[in-house]
Amino acid sequence: MPELPEVEVTRLSFADRIAGARIEAVRLGKPLRWPLGCDPGTLAGRTVRGVRRRGKYLLLDLDRGLLLLHLGMSGSLRFDGWMPEAAVHDHFDLVTSRGVLRLNDPRRFGAVVYCEAEDSPQAVKLLGGLGVEPLTGDFDLDAFHAGLRRRKAPVKQVLLSGDLVVGVGNIYASEALFLAGIRPTLAAHRISRPRAARLRDAIRDVLARAVAKGGSTLRDFSNAHGESGYFQLEAMVYDRAGEPCRVCGSPIRAIRQGARATYFCPVCQKS
DNA sequence: AAAAGCCCCTGGATGC
DNA sequence: TGCATCCAGGGGCTTT
């Protein structure tokens, strides 16, 4: 479900409220993708310093150690002073002095992992191979173009892999490639420098606009306040197979790349 | 090193 | 109405 915009919108919706909170208890539901990695009881008494994001991971900094949170395909967080009894898909509660942070995740591809430090083996295994953050000054054109040039896979797959640039998932990969006028099947190494520049700008643009719209709510995404996003209404191609291109009117085409749907306009994205 | 497949899991939509 | 099949916003791991 959640790509960079949804994760960032989630972060923004509770980071200020949870900063400074004292952890009182941890409640676990059904197992998530990985075990917590520590005795839940040992977290009581620690303080949440703040919340950062790296790619699609959220990092809850504690006064000692940190919690890595991932929302997988179907996860969402809530943070509230009052929380109802845990329901079927509520699998993690962080009970704090300022409220309960709850992870709801029907498919359980998400995870909450405790690490002693950001350079601990567990943290490095999960975060170490990640590409650059697209919304910072680190998203350098030279490095991006050089990265594309050494990959022969279709550019859509390279964007999804997350080892060049992070946070671009299945919705925003299709959207960014449309904005850049690039066919998703084009081998990454065949992208010229000017087109790489266009693609970089398109990625930044679509992600930033999606954050501003509260992310995309396709079926059930909501931020930690329970509010939906609206960017799906502005999608140019995603989930619009057969519908007219918003620029040229041609029917949007859907194909399959690596078992995942890709959408593009055959006219606006000639190559 | 890079690419392709597999797999984790549940629920909703579709088709017979 | 019931049941089978396919699909879904991710990504780590194993195999080529």
Side-chain angles (χ1 to χ4, degrees), chain A residues 1-10 29-35 37 53-58 68-77 87-92 103-113 121-131 146-177 184-190 203 206-207 210-211 213-223 228-235 237-241 254-263:
Chain A
M1 165 210 293
E3 305 181 31
L4 183 148
E6 290 73 33
V7 177
E8 180 65 6
V9 162
T10 297
K30 291 169 93 173
L32 292 163
R33 177 160 191 175
W34 297 299
R53 180 189 54 73
R54 179 74 179 98
K56 297 171 189 168
Y57 285 90
L58 287 175
L68 301 187
L69 275 72
H70 199 289
L71 302 179
M73 286 280 265
S74 58
S76 62
L77 290 175
V88 262
H89 298 310
D90 295 331
H91 303 306
F92 175 84
L103 173 66
N104 178 277
D105 186 1
R107 293 177 71 179
R108 292 190 283 127
F109 289 169
V112 182
V113 177
Q122 177 75 306
V124 169
K125 189 175 71 177
L126 296 177
L127 306 177
L130 296 182
L148 290 173
R149 290 192 57 162
R150 72 177 81 96
R151 304 285 292 269
K152 295 189 177 179
V155 57
K156 159 93 174 333
Q157 316 274 63
V158 173
L159 293 182
L160 284 185
S161 73
D163 46 32
L164 252 187
V165 57
V166 293
V168 182
N170 210 39
I171 298 177
Y172 300 107
S174 283
E175 292 297 311
L177 287 164
T185 50
L186 181 64
H189 70 112
R190 300 181 61 180
I203 290 168
V206 73
L207 295 179
V211 171
K213 291 286 175 177
S216 295
T217 296
L218 262 43
R219 28 180 72 73
D220 53 13
F221 169 74
S222 61
N223 66 26
S228 298
Y230 294 93
F231 191 76
Q232 73 282 0
L233 301 175
E234 297 182 16
V237 291
Y238 186 80
D239 205 22
R240 297 193 65 239
I255 59 171
R256 213 138 251 289
Q257 290 183 288
R260 314 197 64 182
T262 298
Y263 301 88

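In what follows, chains are A, B, ... by sequence order, proteins preceding strands, each numbered from 1.
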task: Pick the P atom in B:dC9 and in C:dC3, then give their distance to the nearest Å.
output: 23 Å
task: Whole angstrom is fine here: how far is it from CZ in A:R33 over to P in C:dG10?
output: 12 Å
message: Without decimals, in angstroms, what is the distance between A:K156 NZ and B:dA3 P?
response: 15 Å
message: Quick one about A:S74 and A:D105 (side-chain donor to acceptor, distance below 3.5 Å, no hydrogens or angles considered), yes or no?
response: yes
- request: Report yes or no: is there a donor-acceptor pair, N or O only, under 3.5 Å between the side chain of A:R107 and the base of C:dA8?
  value: yes
- line: To the nearest 0.5 Å, atom NZ of A:K156 lies from atom OG1 of A:T262 at 3.0 Å
- prompt: Are OP1 or OP2 of B:dC8 and a side-chain N or O of A:R108 less than 4.0 angstrom apart?
  reply: no
C:dG12 phosphate, OP1 or OP2, under 4.0 Å from A:Y57 side-chain N/O: yes
task: Kindly say if A:K30 contacts the phosphate of B:dC9, meaning a side-chain N or O under 4.0 Å from OP1 or OP2.
output: no
Euclidean distance, atom CG of residue A:L127 to atom P of C:dG12 [Å, nearest integer]: 9 Å
- prompt: Is A:F109 stacked on the base of C:dG10 when the test is centres under 5.5 angstrom and planes under 30 degrees?
  reply: yes
field: Whole-Å distance separating the CG atom of A:L159 from the P atom of B:dA2
entry: 15 Å
- line: Atom CD of A:Q122 and atom P of C:dG11 are separated, to the nearest Å, by 16 Å
task: Drop me the distance from A:S216's OG to A:E175's CD, to the nearest 0.5 angstrom.
output: 8.0 Å
statement: Nearest-nucleotide check on DNA chain B, A:P154 vs A:H89; residue mapping nearer the 5' end is A:P154
message: For C:dG10 and A:R260 - does any side-chain N or O of the residue sit under 4.0 Å from the phosphate oxygens OP1/OP2?
response: yes
- request: Would you mind telling me which of B:dA3, C:dG12, C:dG10 lies closest to the side-chain atoms of A:L126?
  value: C:dG12
message: Which is more 5' along DNA chain C, the nucleotide nearest A:K56 or the one nearest A:K125? Just name the residue.
response: A:K56
- prompt: Can you check the A:H70 NE2 to C:dG10 P distance for me, whole Å?
  reply: 8 Å
- request: Tell me which of A:L130 and A:L218 sits closer to the 5' end of DNA chain C, going by the nucleotide each one is nearest to.
  value: A:L218
query: For B:dT10, what is the paired nucleotide under Watson-Crick or G-U wobble rules, both distances under 3.5 Å?
result: C:dA8
message: One thing to verify: whether A:D163 and A:R151 come together as a salt bridge, which I'm taking to mean a side-chain N less than 4.0 angstrom from a carboxylate O.
response: yes
- request: Could you check how far CH2 of A:W34 sits from P of B:dC9, rounded to whole Å?
  value: 14 Å
message: Need one value for A:Y172: base, sugar-phosphate or nothing, where a base atom within 4.0 Å counts as base even if backbone is also close, heavy atoms only.
response: nothing
Smallest separation among heavy atoms of A:E234 and A:K213, with atom names: OE2-CE, 2.8 Å
task: Give me the ring orientation class for A:Y238 and A:Y263: parallel if the planes are under 30° apart, tilted from 30 to 60°, perpendicular past 60°.
output: perpendicular
message: Measure CG/A:L4 against C1'/C:dG10 and give the value in whole Å, please.
response: 14 Å
